[in-house]
Number of protein chains: 2
Amino acid sequence: MPEQVSEQTTNRLSLYLRCLNELEASGVRTVSSKVLAAKFELNAALIRKDLSHFGDLGVRGVGYVVRDLKQRLRQILGLDQQLNVVILGAGNLGFALADYPGFRQDGFRIVALFDNLCDKVGGRSRSGVPIYDICDLGTVAKDESIAIGVVAVPAASAQVVVNAVVEAGIKALLNFSPGAIRVPPDVKLKSVDLTVSLESLSFHLARGDGSGSGKKVG
Amino acid sequence: MPEQVSEQTTNRLSLYLRCLNELEASGVRTVSSKVLAAKFELNAALIRKDLSHFGDLGVRGVGYVVRDLKQRLRQILGLDQQLNVVILGAGNLGFALADYPGFRQDGFRIVALFDNLCDKVGGRSRSGVPIYDICDLGTVAKDESIAIGVVAVPAASAQVVVNAVVEAGIKALLNFSPGAIRVPPDVKLKSVDLTVSLESLSFHLARGDGSGSGKKVG
DNA sequence: TTTTGTGAAACGCTTCACAGCT
DNA sequence: AGCTGTGAAGCGTTTCACAAAA
C-alpha cells in the first residue's frame, strides 16, 4: 500500500510485533500508541506514523486491538508464510546461527548449511541441519525454494560466496562478513558488521561519553 | 575535539580504517575522498565531513596520506590501546563469538566467557578462552580491567545479566539478545537484533522490492 | 590543476499540535 | 473524554558547490 517505507520504520515494525506477541500472551486486548511508545522510549506519534503507512489500523478513542494489529503486522512483514533460509559457511558462526533460537523463529526455517570442506559436508549441526557442498547451492535453492541466504564465511571468500548465492536466485541476504559486498539492485542485502560495532564502542569509551540506550539496529 | 559526532559517522570511521589498512598493505601512499567514496558507494563530501570533525587530516590537491590517516583513525577509535572484552553466555553464540576471528581483532582481547551452568564453568572455548561462573564477574572485571561486555544469553535472562555487567562497572555493552534492554545513561549500549534483521528481509521479499546495497549498520 | 574543507541547500526522519472520530 | 491520523514545524544528516590551498 505505501509508496516508500524507510528501513528504520521496517525495523521498528518487528519490535512492535514482538511486543504485541507478549501483550497478547498477557491477555491484553488493546494498546495505545502512548503505552507502546513508553516500552521502547519512542515518541507516540512516530509509532502512529509507522503504522499509518499501512492503512487505518487503530480505533480513535481506543487504541489498537492487539490481536488484529499483530495479525496485520505479521502479514505486512511477510511472516504469514514460511521462508526457507540457508546458511553459507559451516564454521563456528554458521553453526551457532543454525542452532540459535532467535533464528528458528516463527516464519523461518533453516534448511541447510553450506561449506566447501569435504570433511564437513554430509554432517549435521547439533540441531540437525544438514551440511551440503557449496557446489550444490543452485540445486538446493531451487528444490527447496530458498528465500534468504545468511553469509557467515571468512571475509576473503565473502564476495565469491555472495555471487554464488545471487547466481542461485536468492533475493535476500544477511551478511556477517566485514568489508564491502556488492549485489545487484534487485537483491536486498543487510549487513551486520561486528568489527564496526566493537570499534564504535571503543570510540565512545575513548571519549568517555557513555550515552545510554543505543538504538537497536537490526 | 568535536562537539558531537553522530553514530553513523562513527560507524563509517571503522569502514574507512579497514580500507586504509588494505590500501597500506597494497603499498598505496595517498588516497582521495573520491576514491574512498567509490569503494563504499558514498558521497565524497560526506567522507570529508566525517574526517573534518577531527581536524585538517588531508592535504589539498593531494588527498589523505594513508599511513597518517590510518594512525589517526586508530587513535580516534581508541584502538591504540588494548581493550579487554568478556562474553556473557557460553552457549553456541557465545562460543562462536569467542573464537570468531573478527572479534580477535587488533585492539581487542577476549578475556573470558561467563555462564551459570556448573558443568560449563572451568572449561575453555576451542581457542582457549576460559569459562567462569557469572558470580565471579565483578572480581574478574576489576582484576582484568574489562572495558566491554558482550551479551549472548537467552532473551529471558538478558536484562538480569546486563544489570550484573553494569554493576561490575563495565561501561560498554554489545547486546545480541532480542527485546528492550535498559542501561544507565553513562553506559553505552549497542544492540544487534537478528530477528529484526531477518524480518526486515522478509518484509522486502513480501513487497518484492529488492533494493541493493543495504547500508552497513554495525 | 587537483583536492580539501565548508557554508548553504536539499532531503528525510521525528516531533508537535490539532482536527476528527469513537 | 480519549486516542488516532496527519499537515506543518523542527532537526539532523547528506549533498551541492565553491573558495582556499598545494
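Each chain gets a letter, A, B and so on, in the order the sequences are listed, and its residues count up from 1. What you see is a predicted model, and the numbers here were worked out from it, not measured in a lab.
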Here the distance between atom P of C/dT14 and atom CD of A/Glu41, to the nearest Å, is 15 Å

query = Between B/Gln8 and D/dG12, is there a side-chain N or O to OP1/OP2 distance below 4.0 Å?
reply = no

With sugar-phosphate taken as primed atoms, P, OP1 and OP2 and all else as base, the protein-contact string of nucleotides 15-22 of chain D at under 4.0 Å (heavy atoms; B, S, -) is BBB-BBBS

task = Check the pair A/Glu167, A/Asn163 against side-chain hydrogen bond (donor to acceptor under 3.5 Å, both in side chains), reporting the backbone distance first and the verdict last.
result = CA-CA 6 Å; A/Glu167 184 67 29; A/Asn163 292 348; over 6 Å; no

To the nearest angstrom, the CD1-C1' distance between B/Ile47 and C/dT4 comes to 13 Å

Rounded to whole Å, the CG-C1' distance (A/Leu69 to D/dC3) equals 14 Å

Under 4.0 Å, heavy atoms only, any strand: does B/Ser6 hit a base, just the sugar-phosphate, or nothing? sugar-phosphate

Flag the pair A/Lys188 and A/Glu7 as a salt bridge only when some basic side-chain nitrogen lies within less than 4.0 angstrom of an acidic carboxylate oxygen.
yes

In whole angstroms, the gap separating P of C/dC11 from CD of A/Glu7 amounts to 21 Å

Next item on the list: Check whether any side-chain heavy atom of B/Val85 sits under 4.5 Å from a side-chain heavy atom of B/Val150, and report yes or no.
Entry: yes

query: Is the shortest side-chain N/O distance from B/Ser33 to OP1 or OP2 of C/dT3 below 4.0 Å?
result: no

When rounded to whole Å, the NZ to C1' distance for the pair A/Lys34 and C/dC16 reads 15 Å

Whole-Å distance, A/Leu51 CG to D/dC3 C1', equals 13 Å

Let me check something: any side-chain donor-acceptor pairs from residues 56-71 of chain B under 3.5 Å, sequence neighbours excluded? List them with distances.
from: B/Arg67; atom 1: NH1; to: B/Glu24; atom 2: OE2; distance (Å): 2.9
from: B/Lys70; atom 1: NZ; to: B/Glu24; atom 2: OE1; distance (Å): 2.8

Here the distance between atom P of C/dT3 and atom CG of B/Leu57, to the nearest Å, is 18 Å

Any non-hydrogen side-chain atom of B/Glu144 less than 4.5 Å from a side-chain atom of B/Arg109?
yes

Less than 4.0 angstrom between a side-chain N/O of B/Tyr64 and OP1 or OP2 of C/dG5, yes or no? yes

Rounded to whole Å, CZ of A/Phe40 lies from P of C/dT14 at a distance of 15 Å

Self-check item: Donor-acceptor contact below 3.5 Å, side chain A/Ser157 vs main chain A/Val153
Solution: no

Partner of A/Val151 under side chain to side chain contact (heavy atoms under 4.5 Å, CB included), picked from A/Leu93, A/Val86, A/Leu173, is A/Leu173

